[in-house]
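Input: a single structure, listed below in structure tokens.
In what follows, chains carry the letters A, B, and so on, assigned in the order in which the sequence lines appear, proteins first and then strands, with residues in each chain numbered from 1.
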There are 2 protein chains.
Amino acid sequence: MDELDAAILRSLQSDARRSNRDVAAEVGVAPSTALERTRLLRDRGVIRGATLDVDLAAVGRPVQALIAIRVRPPSRRAIEAFRDWVQGLPETIGLFVVSGAEDFLVHVAVADNEALYAFVIDRLTQRPEVADVRTSVVYEHLRRPPRIEAGDH
Amino acid sequence: MDELDAAILRSLQSDARRSNRDVAAEVGVAPSTALERTRLLRDRGVIRGATLDVDLAAVGRPVQALIAIRVRPPSRRAIEAFRDWVQGLPETIGLFVVSGAEDFLVHVAVADNEALYAFVIDRLTQRPEVADVRTSVVYEHLRRPPRIEAGDH
DNA sequence: AGTGAAACAATAGGGAC
DNA sequence: GTCCCTATTGTTTCACT
């Protein structure tokens, strides 16, 4: 992870579909050099992939929520079972396994408030390990790419 | 948003860098058709962009946390001022504005626990509108692309 | 919605510093 | 060892059917 690697990552972060030629020009190296570095970053697992940023409202799921869940018992078995189950639900778009008062924060996107209510009272409470549920509606969700700097990572 | 649009979105979701040719073959239309549809999806704002999925640990920020924050007074002025400020911090990688007991959930990625502690007690508590802070360490963060279906969106 | 040709980009191999 | 140049292959794009 030298300064060139960091510059390539920064360039691709703003638009992962940018051509290698453009990236090379932006960071000031030959296209072949940029290409080799990018592939090494991919091989080393620094670049995991590129995901499409889709407008959830435009695909019929304008309502988002974060649902804090406490699981009982908080054993590895119960945690992992619940995690795997909730990850497979169609409403789920993100999942945080956390420390603190709760064990999970499930990020869901649904069609309307009714669907959100149904998700919470029909699906979640079906699971016997769910001890407590707290729903927060998401008014706004902003994402920022991490600031990347060179270093001995 | 017909079935073809949905299929194109599903195809690009798994890898936003997939070539138009591959997408066309996968969804069963000519490349020119896939290209036009993809461009229309972009123009209509359904596709917002493509973001690089970077391994945070590999770029020196292996510790993640979600910080729940209550702001006082919970006025538009205070909410928006805090949102804009926290969004600009280098540690911030995500921000949820939510209903419920708290007003914000700030997703941060930092170098170590010390940096996390410093973020909470030095930076956040500097702001006079911050009334309450609750930090949860993120053990695991999974993301899932939304399941996209055709429809009159 | 599909075809073909021209412009463009990605890749592999070889060579300079 | 890192970077660059060039030739080849493959991809995108546009005018046209």
Side-chain angles (χ1 to χ4, degrees), chain A residues 1-55 58-60 145-153, chain B residues 1-62 111 143 145-153:
Chain A
M1 275 296 298
D2 59 6
E3 185 48 49
L4 180 52
D5 286 330
I8 288 171
L9 289 175
R10 281 192 294 262
S11 175
L12 285 171
Q13 263 181 338
S14 53
D15 179 10
R17 289 198 59 118
R18 185 167 292 175
S19 77
N20 180 67
R21 190 174 156 276
D22 285 356
V23 173
E26 195 176 341
V27 305
V29 295
S32 54
T33 306
L35 183 65
E36 192 188 1
R37 291 299 195 106
T38 306
R39 273 172 36 173
L40 285 172
L41 285 167
R42 211 168 242 281
D43 292 347
R44 279 157 47 202
V46 179
I47 295 175
R48 285 186 162 145
T51 56
L52 206 64
D53 184 6
V54 172
D55 183 350
V59 296
R147 185 174 152 208
I148 292 171
E149 287 174 65
D152 183 22
H153 308 318
Chain B
M1 273 297 298
D2 60 5
E3 185 49 51
L4 180 52
D5 286 330
I8 288 172
L9 289 175
R10 281 192 295 263
S11 174
L12 284 171
Q13 263 181 338
S14 55
D15 177 10
R17 287 198 58 115
R18 183 168 293 173
S19 76
N20 179 67
R21 190 174 158 276
D22 284 358
V23 172
E26 194 177 341
V27 305
V29 296
S32 56
T33 307
L35 183 65
E36 193 187 359
R37 292 299 194 108
T38 306
R39 274 168 34 170
L40 284 172
L41 285 167
R42 208 169 245 280
D43 292 347
R44 277 158 47 203
V46 179
I47 296 176
R48 285 186 162 144
T51 56
L52 206 64
D53 185 6
V54 171
D55 183 350
L56 288 168
V59 295
R61 294 166 71 173
R143 304 218 316 129
R147 183 173 153 210
I148 292 172
E149 286 174 65
D152 183 22
H153 308 317

Subject >> Segment of DNA chain D, first to last nucleotide, that comes within the 4.0 Å heavy-atom reach of chain B >> reply: D:dT11 to D:dC14
**OP:** State, to 0.1 Å, how close A:S14 and A:S11 come at their nearest heavy-atom pair, and which atoms those are.
**Re:** OG-O, 3.0 Å
**OP:** Measure the spacing between CD1 of B:I148 and CG of B:L9 and express it to the nearest 0.5 Å.
**Re:** 4.5 Å
**OP:** Only counting residues at least two apart or in another chain, list the ones meeting side chain to side chain contact (heavy atoms under 4.5 Å, CB included) with A:D53.
**Re:** B:R48
Short N/O separations, protein against nucleotides 15-17 of chain C, under 3.5 angstrom:
none

Original post:
Where along residues 19-33 of chain A does a heavy atom come under 4.0 Å from DNA chain C, residue by residue in number order?
Top reply: A:S19, A:N20, A:R21
Original post:
side chain to side chain contact (heavy atoms under 4.5 Å, CB included) with B:P146: which residues, sequence neighbours excluded?
Top reply: A:L56, A:R61, A:I93, B:Q13
Original post:
Mind checking what makes side chain to side chain contact (heavy atoms under 4.5 Å, CB included) contact with A:A25, not counting sequence neighbours?
Top reply: none
Subject >> salt bridge (Lys or Arg N to Asp or Glu O under 4.0 Å) involving A:R42 - partner list, sequence neighbours excluded >> reply: none
**OP:** Would you work out how much the helix from C:dA1-D:dT17 to C:dC17-D:dG1 bends between its ends, with each end axis defined by five base pairs, to 10 degrees?
**Re:** 30°
**OP:** Of all the heavy-atom pairs spanning A:A16 and B:L52, show the shortest one and how long it is.
**Re:** CB-N, 3.8 Å
Original post:
Using a heavy-atom distance cut-off of less than 4.0 Å, which residues of residues 2-17 of chain A contact DNA chain C?
Top reply: none
Please report, to 0.1 Å, the donor-acceptor pairs under 3.5 Å made by any side chain of residues 33-41 of chain B, with sequence neighbours excluded.
| unit_1 | atom_1 | unit_2 | atom_2 | d |
| --- | --- | --- | --- | --- |
| B:R37 | NH1 | B:D2 | OD1 | 2.9 |
| B:R37 | NH1 | B:D2 | OD2 | 3.2 |
| B:R37 | NH1 | B:D5 | OD1 | 3.0 |
| B:R37 | NH1 | B:D5 | OD2 | 3.4 |
| B:R37 | NH2 | B:D2 | OD2 | 3.0 |
| B:T38 | OG1 | B:A34 | O | 2.7 |

**OP:** Write out all pairs satisfying salt bridge (charged side-chain N to carboxylate O under 4.0 Å, His left out) with one or both partners inside residues 21-33 of chain B, taking only residues at least two apart or from two chains.
**Re:** B:R18-B:E26
**OP:** Just call it for A:R39: base, sugar-phosphate, or nothing, with non-hydrogen atoms closer than 4.0 Å on any strand.
**Re:** sugar-phosphate
Original post:
For residues 7-17 of chain B, which residue pairs qualify under salt bridge (charged side-chain N to carboxylate O under 4.0 Å, His left out), counting only residues two or more places apart or in two chains?
Top reply: B:E3-B:R10
Original post:
Any side-chain heavy atom of B:R44 within less than 4.5 Å of one from A:D55?
Top reply: no
